[in-house]
Protein chains: 2
Amino acid sequence: MSNVFKALADPTRRRVLELLREQPLSAGDLSDHFEFSKPTMSAHFSVLREANLVDATKSGKSVIYRIKLSVLEDALLGFAQGFGLGASNADTQDTDKEESS
Amino acid sequence: MSNVFKALADPTRRRVLELLREQPLSAGDLSDHFEFSKPTMSAHFSVLREANLVDATKSGKSVIYRIKLSVLEDALLGFAQGFGLGASNADTQDTDKEESS
DNA sequence: TAGACAATTAGCTAAATAACTAAATGAAGA
DNA sequence: TCTTCATTTAGTTATTTAGCTAATTGTCTA
């Protein structure tokens, strides 16, 4: 739980997940999308793995990463539901937009 | 965006939000629910304020904190929607439950 | 089997985080 | 006004985090 939110707290890791949303990618292909070193990216992958947000499978020389959408879904929507959010909430009390015109 | 997930990454702050879900509470009343010092709790409130997840209003000697549900909703559900989650997703591809029995 | 290549691990540094105590601020009441 | 009470700020410490380079591991392929 904490691990998921910690993983999502870093923009690089969120971007990794967005890339994986399109298709599975190898560690190297993922790293090519960023300016950080491979070891730095590997550490990010490790955080995502520990949060169980991605799955890593070895394929020859490469490691293929896949997003685990159900885990992301359970974490985000499960947590949101705990606050009564997510169903059909057109009008909650707080809007923070139209106050004090 | 990052600020919201960073705020949610700490279990104490998630618990604070859960308490505020029931009703607005003063800094002191909130602190009474935890074993940490007041300054430590104040720092947590500060993180929640910077993430715009709570609203603080002064009332006499006290400061009353209120959750901003719409901000939480926008962050969680907005992010989830970016992954195609949240609508009516009975069957996505990945389940991570029924693999390898 | 030797080299090349992909990825991770080891080891380091700087910055951020979460905790504490002590001090400061600011409002209410005696 | 002086004291008390609620909260935040200041300043310290230990731990974690995110980045790096260099070294290691492990798999292909020439």
Side-chain angles (χ1 to χ4, degrees), chain A residues 1-20 22-68 72 75 79, chain B residues 1-20 22-68 72 75 79:
Chain A
M1 186 51 158
S2 267
N3 282 347
V4 170
F5 284 119
K6 255 178 214 184
L8 296 178
D10 186 283
T12 298
R13 290 192 289 264
R14 287 200 302 276
R15 184 85 192 98
V16 167
L17 290 179
E18 281 167 16
L19 289 167
L20 292 180
E22 311 291 344
Q23 63 196 303
L25 287 168
S26 71
D29 285 351
L30 279 170
S31 297
D32 288 345
H33 286 81
F34 301 86
E35 308 232 298
F36 301 118
S37 69
K38 303 286 180 70
T40 292
M41 292 309 298
S42 185
H44 281 306
F45 302 153
S46 173
V47 171
L48 289 170
R49 258 183 279 126
E50 274 161 37
N52 202 29
L53 284 169
V54 300
D55 187 72
T57 65
K58 202 164 225 169
S59 166
K61 282 189 238 183
S62 303
V63 172
I64 307 297
Y65 283 100
R66 287 178 181 77
I67 192 171
K68 293 171 96 166
L72 186 62
F79 182 74
Chain B
M1 187 51 160
S2 267
N3 281 347
V4 170
F5 284 120
K6 253 176 215 185
L8 295 179
D10 186 283
T12 298
R13 289 192 290 264
R14 287 200 301 276
R15 184 85 191 98
V16 167
L17 290 178
E18 281 166 16
L19 289 167
L20 291 180
E22 311 291 345
Q23 63 197 302
L25 287 169
S26 72
D29 285 350
L30 278 170
S31 298
D32 288 345
H33 286 81
F34 301 86
E35 309 232 298
F36 300 120
S37 70
K38 302 287 180 68
T40 292
M41 292 308 299
S42 185
H44 280 305
F45 302 152
S46 173
V47 172
L48 289 169
R49 257 182 281 129
E50 274 161 37
N52 202 29
L53 284 170
V54 299
D55 187 71
T57 65
K58 202 163 224 169
S59 166
K61 282 191 235 182
S62 303
V63 172
I64 306 297
Y65 282 100
R66 286 178 182 75
I67 192 171
K68 292 170 96 167
L72 186 61
F79 183 74

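Naming: A, B, ... by sequence-line order, numbering from 1 per chain. Being a predicted model, the structure only gives us computed values, none of them experimental.
OP1 or OP2 of C/dT8 lies within a sub-4.0 Å distance of a side-chain N or O belonging to A/Arg49. Close to C/dA6, at under 4.0 Å from its OP1 or OP2, lies no side-chain N or O of A/Tyr65. When the side-chain nitrogen and oxygen atoms of B/Ser42 are compared with OP1 and OP2 of D/dT9, none of them lie within a distance under 4.0 Å.
Computed from coordinates, the A/Phe5 CZ to C/dT17 P distance equals 18 Å when rounded to whole Å. In this entry the distance linking CD of B/Glu50 with P of C/dA18 reads 11 Å, nearest Å. Nucleotide D/dT7 holds its P atom 9 Å from the CG atom of B/Asp32, rounded to whole Å. Residue A/Phe45 contributes atom CZ, which lies 11 Å from atom C1' of C/dT8 at whole-angstrom precision. If you measure from atom CG of B/Leu30 to atom P of D/dT8, you get 10 Å, rounded to the nearest angstrom. Taking atom NZ of A/Lys58 as the reference point, atom C1' of C/dA7 lies 8 Å away to the nearest angstrom.
Rounding to the nearest 0.5 Å gives a distance of 9.5 Å between CG of B/Leu30 and CG of B/Leu48. Atom CZ of residue B/Arg15 and atom CG of residue B/Leu20 lie 10.5 Å apart, to the nearest 0.5 angstrom.
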For nucleotides 16-20 of chain D, which of its nitrogen or oxygen atoms have a protein nitrogen or oxygen under 3.5 Å away, and what is each distance?
| residue | atom | partner | partner atom | Å |
| --- | --- | --- | --- | --- |
| D/dA18 | OP1 | A/Arg13 | NH2 | 3.0 |
| D/dA18 | OP2 | A/Arg13 | NH1 | 3.3 |
| D/dG19 | OP2 | A/His44 | NE2 | 2.4 |
| D/dC20 | OP2 | A/Ser37 | N | 2.9 |
| D/dC20 | OP2 | A/Ser37 | OG | 2.9 |
| D/dC20 | OP2 | A/Thr40 | OG1 | 2.5 |

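With sequence neighbours excluded, the residues forming a side chain to side chain contact (heavy atoms under 4.5 Å, CB included) with A/Pro24 are A/Ile64, A/Arg66, listed by chain and number.
Not one N or O on the side chain of A/Ser59 forms a donor-acceptor pair closer than 3.5 Å with the backbone of A/Ser62.
Across the interface with DNA chain D, nearest-nucleotide mapping of B/Ser26 and A/Lys61 shows B/Ser26 to be the residue nearer the 5′ end.
Classified by interplanar angle (parallel below 30°, tilted 30° to 60°, perpendicular above 60°), the ring pair B/Phe79/B/Phe5 is perpendicular.
Taking a 6.0 Å sphere around CD of B/Glu22, one finds it holds more than 12 heavy atoms contributed by other residues, nucleotides or ligands.
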